[in-house]
Number of protein chains: 2
Amino acid sequence: MQNSTREQIITAADDLFYRQGFEQTSFANIAEAVGISRGNFYYHFKTKDEILKTVIQRRLANTRDMLDQWEAESSGPVERIRSFVRILIGNRGKIMRHGCPVGTLCAELAKLEHLQRDAANEVMTLFRTWLHRQFVALGHEADADALAMHLLARSQGIALVANAYQDSSFVDAEVEQLLDWLDACVAQSTHAE
Amino acid sequence: MQNSTREQIITAADDLFYRQGFEQTSFANIAEAVGISRGNFYYHFKTKDEILKTVIQRRLANTRDMLDQWEAESSGPVERIRSFVRILIGNRGKIMRHGCPVGTLCAELAKLEHLQRDAANEVMTLFRTWLHRQFVALGHEADADALAMHLLARSQGIALVANAYQDSSFVDAEVEQLLDWLDACVAQSTHAE
DNA sequence: TAAAGCATAGGACGATCGTCCTATTCGGTC
DNA sequence: GACCGAATAGGACGATCGTCCTATGCTTTA
C-alpha cells in the first residue's frame, strides 16, 4: 500500500504546503497534483485540518527517523550536531526557493492562530530536544537547552534571509561560522573539565 | 489630512497585514477596522496589490526615519548597531505574538511569489545597507556586508523562534549574546589597526 | 451470477473573495 | 438656491473556497 491514493495525497499535500504555504493550497490544488477528483479527495480526508494534521504527523515521523539515523551513524555528539548544521547545505536549493519547511510552517500557523500550531511547533521541538541531548553529551548540562535554542534560531535566521535574498554563498559563509561556533563550544566544554 | 480616510485605511491595513498576514486579510477586514463600507474602500484603492504596495512604501518611509534618527541620536556606530539589536527588546511583546514585521512579510510574499516581493525585501535591505555603513565606520570595510547579513539573520532567527515558543527570556538571552558578539567585533577591528 | 462494500467522479451548497458599478450624500462655489 | 465634484454606501458579478451529497464504477466474496 505504498502508492495508495491516501499516501499520494499526503505526499502531494506535504509538498504543496511547503512550496505554496498551507492557506494558499486548496483541495483542488492537491487533487489536481494527485490526478483525482475533489470528491474522491473528500473520501480520504474530511476537513482541511485533518490533512494538515496528517502531513505534520508524517513530518514528525520523518524527522524522528532522520534524527535516529544521525544518532546511529555518527560517532559522537559533535559530528551529530554537524549533521544538523549541514542540512542547510544539503537542502540549500530548496531552502533558497521556499525557506525552511519547519520554520515557515510554524510562522504561518502562528499568524493564522491555527489549531495545529502546537503540532507544527513540535517538529521544531524534536530538533530542540535532540540538540539538547547532544549538548548534554558534550558536557554542557547547564546550558544545553540555551545552546540548542541558539542553534535553532541561527539556522532559522539563515534560512529566512537566504530565502529572501536567494543567496547561496551567504548560506555557505554562515554555515562555516556555525561550525566554528560549534568547535568553540567543544573547546569550552573540554576546557571546563 | 492626518486622519484622512486614506491614511486610516493604510494604518489599518498595515496593522492587519502584520497581525494576520497579507493573504489572510480581506478588504472586508480592513473596511470593518476603519468603519467604512467596502465600496468606499474601493474608491481609495482599486486593487489589493495597490494597498499592499502603499503599506510597504509607508514601512519603507518609517524605517528610513527610524534609521535616520538613530544616525542623529547615537554618538557612534557601535551605539547605533546596539539600537538595532535592542528593537528585539523594545518590541518583544509584538514579536512574540506576531513575529518580525519585516521577516514575516518577506517570507509570506516569497511563498506567494507575489509581485511586491522585491518591495518587501527592500525594507530588509534598508537595514542591511544601514548596518553595512555602520560596520564600515567601525573599520570592517572588507566584511561589512557579511557582518550586516549575519546580524540580520541572527535577529530574524531570534524573532521566528521567539514567535514559535512565545519565550521572552530566550529573547533576552540571545540579545545579550548579540551585544557580546558586537563587542567582539569592535575589539577585533581596533586590534587590527 | 448476485450481492456487498470500497473507491472514485462529478456536481451542488453556502460563504467569501477581489472587483466593479451605481446611487446617494456632503461640502464648497457661482 | 442651483450646481458640481469628491466621498461614501450598498449591492451585484464571477470565481473560488471548504464541505457535502449522490451516483457510478470496480473488486472481492458467497
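Naming convention: chains lettered A, B, ... in sequence-line order (proteins, then strands); numbering from 1 in each chain. As the structure is a prediction and not an experimental result, all values here were calculated from the model. Values below: all heavy atoms of this structure, side chains included; hydrogens, waters and symmetry mates excluded.
For D/dC17, the OP1/OP2 oxygens have a side-chain nitrogen or oxygen of A/S26 closer than 4.0 Å. Taking side-chain N and O atoms only, B/N40 has no distance below 4.0 Å to OP1 or OP2 of D/dA7. Taking 4.0 angstrom as the limit, A/H44 places a side-chain polar atom (N or O) nearer than this to OP1 or OP2 of C/dT8. Contact between the side-chain N/O atoms of B/Y42 and the OP1/OP2 oxygens of C/dC20 is found at a separation under 4.0 Å. Within the structure, every side-chain polar atom (N or O) of A/T5 is placed at least 4.0 Å from both OP1 and OP2 of C/dA7. The phosphate of D/dA7 (OP1 or OP2) has a side-chain N or O of B/Y43 nearer than 4.0 angstrom.
As rounded to whole Å, 13 Å separates atom P of C/dC20 from atom CZ of B/F41. Taking atom CD of residue B/Q24 and atom P of nucleotide D/dC17, one finds them 14 Å apart after rounding to whole Å. In this structure, B/I30 places its CD1 atom 17 Å from C1' of D/dT8, rounding to the nearest Å. Following rounding to the nearest Å, B/E32 (CD) and C/dC17 (P) show an atom-to-atom distance of 10 Å. Atom CD1 in B/I36 sits roughly 17 Å away from atom P in C/dC26 (whole-Å rounding). Put simply, CD1 on B/I51 is 16 Å from P on C/dC17, counting in whole angstrom units. Between the C1' atom of D/dA7 and the CD atom of B/Q8 lies a distance of 13 Å, rounded to the nearest Å. Atoms CZ (A/R38) and C1' (D/dA15) sit 12 Å apart, rounded to a whole Å.
Listed here is the closest heavy atom pair of A/L109 and A/Q116: CD1-O, 3.7 Å.
Contact check on A/D14 versus A/R59 returns a salt bridge, with a Lys/Arg side-chain nitrogen under 4.0 Å from an Asp/Glu carboxylate oxygen. Look at A/D183 and A/R82 and you find a salt bridge, because one of the NZ, NE, NH1 or NH2 atoms lies within 4.0 Å of a carboxylate O, short of that distance. At a threshold of 4.0 Å, the pair A/D68-A/R64 does not count as salt-bridged, since none of the basic side-chain nitrogens sits closer than that to a carboxylate oxygen.
Along DNA chain C, the nucleotide nearest B/T25 and the nucleotide nearest A/G39 are compared for position; the residue whose nucleotide lies closer to the 5' end is A/G39.
Relative orientation of the B/F27 and B/F41 rings is tilted, given thresholds of 30° and 60° on the angle between their planes.
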